[in-house]
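Notes to accompany the following structure.
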Amino acid sequence: MLAHEIVKNIQSGQVSPQEVVSASLQRIAQLEPRLHALIRLNPQAEQEAALVEQRLARGEHLPLAGVPVVLKDNICTQDLATTCGSRMLADFVPPYSATVVEKLRQAGAVVVAKANMDEFAMGSSTEYSAFGPTRNPWDTERVPGGTSGGSAAAVAAGMVPLALGTDTGGSVRQPAALCGVYGFKPTYGRISRYGVVATASSLDQVGTMARTVQDLALLSDVVSGYDPMDSTSLEIQAQFAAALQASSRGLTIGLVKEALAVGNSPGVLEALERFRSVMEAQGVRFVEVSLPSLEYALAAYYIVNTAEISSNLARYDGTLYGLRVPGEDSTTTMMQSREHGFGPEVQRRILMGTFVLSSGYYEAYYGKALRARARIKADFDRAFSQADLLLTPTSPFPAFRLGEKTTDPLSMYLADIDTVAVNLAGLPAMSIPAGFEGHLPVGVQLIGKALHDEQIFVAANAFEQATERAFARAAI
């Protein structure tokens with residue numbers, strides 16, 4: 001069942017939270033050997049489901065009563081290991097839970113598992129996990145996208161109806177597109193980052209995943225909102241579910257010409273045209289807009305990203321945090337701990353980030369990237385003077401084969417070409433399943449104005465209601 005159906009049936013007494021969680025765990029046991037979407041199960045899941053039933057009996061209002069959820073494994077969970085897909089944190093058990101986890105449990109959701117991910121959220125395919133790659137439920141010879149590929153695969157395969165991921169440069173939206181589910185990244189600051197292991201702090205955001213817009217809105221309402229524990233948190237009331245009652249008629253959507261010009265596969269182009277056709281029939285107007293600085297987005301992103309990674313991951317030095325491999329002295333201990341604890345992609349980004357921040361190169365690379373970031377934000381502001389929302393592909397191509405890009409880092413980085421600018425500008429965006437290329441799903445991306453996240457849900461809901469729900473669950 002979908003999340004809102006589970007809540008309705010539990011509240012009416014047709015099914016119990018324990019039965020729902022048991023069914024989810026059975027589905028996981030059936031599919032997990034083939035997909036490897038998860039790193040570990042929550043051994044307390046069934047007990048937590050029983051507590052939800054007790055809370056309902058006391059009359060508590062639980063908007064996610066008994067709904068099974070998986071969390072990307074960089075979101076801290078008290079007494080349940082949080083590894084970030086890395087050997088460096090293989091034995092780390094947090095003493096507290098992230099704010100989003102506390103909000104889920106307050107709403108009655110049951111965390112059933114932690115999802116696989118690219119190590120420390122670096123990658124685009126979930127092949128860089130120290131625990132092995134995740135496979136796409138539409139085609140197990142292909143990747144699910146990344147870095148939240150485990151979360152996307154779990155939702156697409158029907159293991160759970162809802163999942164949380166994190167989005168640093170498209171890491172919720174791109175796997176959502178490749179797995180045929182919805183993936184939402186909010187305006188920077190609308191969902192708390194407290195308790196989320198940092199990758200690149202000015203880019204990271206928790207994102208939500210579901211198989212329908214209604215479920216996505218339900219989850220987004222629960223986890224959004226101000227958090228005094230996060231200094232970047234915004235005091236804005238979430239109204240995602242309420243936004244689904246609004247009409248899309250009269251909206252203007254801008255077609256970003258630079259994103260549509262070249263490099264998109266036939267299935268992606270067909271999905272974009274289908275989205276446009278359906279929405280025009282709903283009274284939505286389309287105009288062409290330009291983001292001239294979009295060509296600099298990928299380069300600027302990977303400079304900012306690696307610089308912040310270099311800073312954030314400096315704490316894993318074999319002394320206070322993570323794996324410790326003893327050496328003859330403190331320097332050798334640090335070198336050996338980082339060499340054995342980090343995989344090749346993490347090491348590559350630390351080296352790149354250290355270089356662009358180094359004396360003599362800071363202004364040539366990092367300073368220039370910050371100026372490019374400002375220009376990208378200014379271009380978005382100009383585009384939004386002409387349109388309410390912007391439309392681009394989420395990914396220029398459907399899921400690629402396992403191992404196809406791991407030997408060519410630049411090719412892997414290009415998988416994020418349509419998503420990174422959104423993070424640089426701190427804007428909200430959603431990947432919407434909009435078609436297939438052969439048997440593989442493809443998605444389109446709607447980008448909204450800062451703090452106007454709910455408007456994206458209005459348009460996405462109109463598209464979903466006007467089309468058959470052909471993307472509800474993978475065929476596996």
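Excluded from the calculations below are hydrogen atoms, water molecules and symmetry mates; all remaining heavy atoms, backbone and side chain alike, are included.
No donor-acceptor contact under 3.5 angstrom links the side chains of Lys405 and Ser125, judged on distance only. A donor-acceptor contact closer than 3.5 angstrom links the side chains of Glu119 and Ser86. Looking only at atom types and distance, the side chain of Ser233 has no donor-acceptor partner in the side chain of Ser192 under 3.5 Å away. Side chain to side chain, Lys72 and Thr147 meet the donor-acceptor criterion of an N or O pair below 3.5 Å.
With a 4.5 Å cut-off on side-chain heavy atoms, Glu345 and Asp118 do not count as touching. Side-chain contact check for Ile253 versus Phe275: some heavy-atom pair is nearer than 4.5 Å.
In terms of the ring-ring contact (aromatic ring centres under 6.0 Å, His included) criterion, Phe380 has no residue partners (sequence neighbours excluded). In this view, Tyr128 satisfies the ring-ring contact (aromatic ring centres under 6.0 Å, His included) rule with no residue, not counting sequence neighbours. Not counting sequence neighbours, Glu102 has no partner by the side chain to side chain donor-acceptor pair (under 3.5 Å) test. Take Asn116 and apply the side chain to side chain donor-acceptor pair (under 3.5 Å) test, not counting sequence neighbours, and it matches Ser129, Thr134. Annotation: ring-ring contact (aromatic ring centres under 6.0 Å, His included) contacts of Tyr96 (sequence neighbours excluded): Tyr194. Residues passing the ring-ring contact (aromatic ring centres under 6.0 Å, His included) test with Tyr413 are Tyr302, sequence neighbours excluded.
Annotation: salt bridge (charged side-chain N to carboxylate O under 4.0 Å, His left out) contacts involving residues 158-175, sequence neighbours excluded, comprise Asp167-Arg173. Contacts classified as salt bridge (charged side-chain N to carboxylate O under 4.0 Å, His left out) and involving residues 435-452 (residues at least two apart or in different chains) are not found. Applying the ring-ring contact (aromatic ring centres under 6.0 Å, His included) definition to pairs two or more places apart or across chains, none involves residues 145-180. Contacts classified as ring-ring contact (aromatic ring centres under 6.0 Å, His included) and involving residues 231-274 (residues at least two apart or in different chains) are given here: Phe184-Phe240, Phe240-Phe457.
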Would you list the atom pairs, donor with acceptor, under 3.5 Å between side chains in residues 360-367 and any protein atom, with sequence neighbours excluded?
| from | atom 1 | to | atom 2 | distance (Å) |
| --- | --- | --- | --- | --- |
| Glu363 | OE2 | Arg371 | NH1 | 2.5 |
| Glu363 | OE2 | Arg371 | NH2 | 3.4 |

Give every donor-acceptor pair under 3.5 Å between a side-chain atom in residues 289-298 and any protein atom, sequence neighbours left out.
| from | atom 1 | to | atom 2 | distance (Å) |
| --- | --- | --- | --- | --- |
| Ser290 | OG | Glu258 | OE2 | 2.5 |
| Ser293 | OG | Asp379 | OD2 | 2.5 |

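Looking at Thr392, Thr394, Thr419, Asp418 one by one, the single match for side-chain hydrogen bond (donor to acceptor under 3.5 Å, both in side chains) with Gln445 turns out to be Thr392.
A donor-acceptor pair under 3.5 Å is formed between the side chain of Asp215 and the backbone N or O of Ala3.
The six-membered or imidazole ring of Phe92 lies away from that of Tyr321, with a centre-to-centre distance of 6.0 Å or more.
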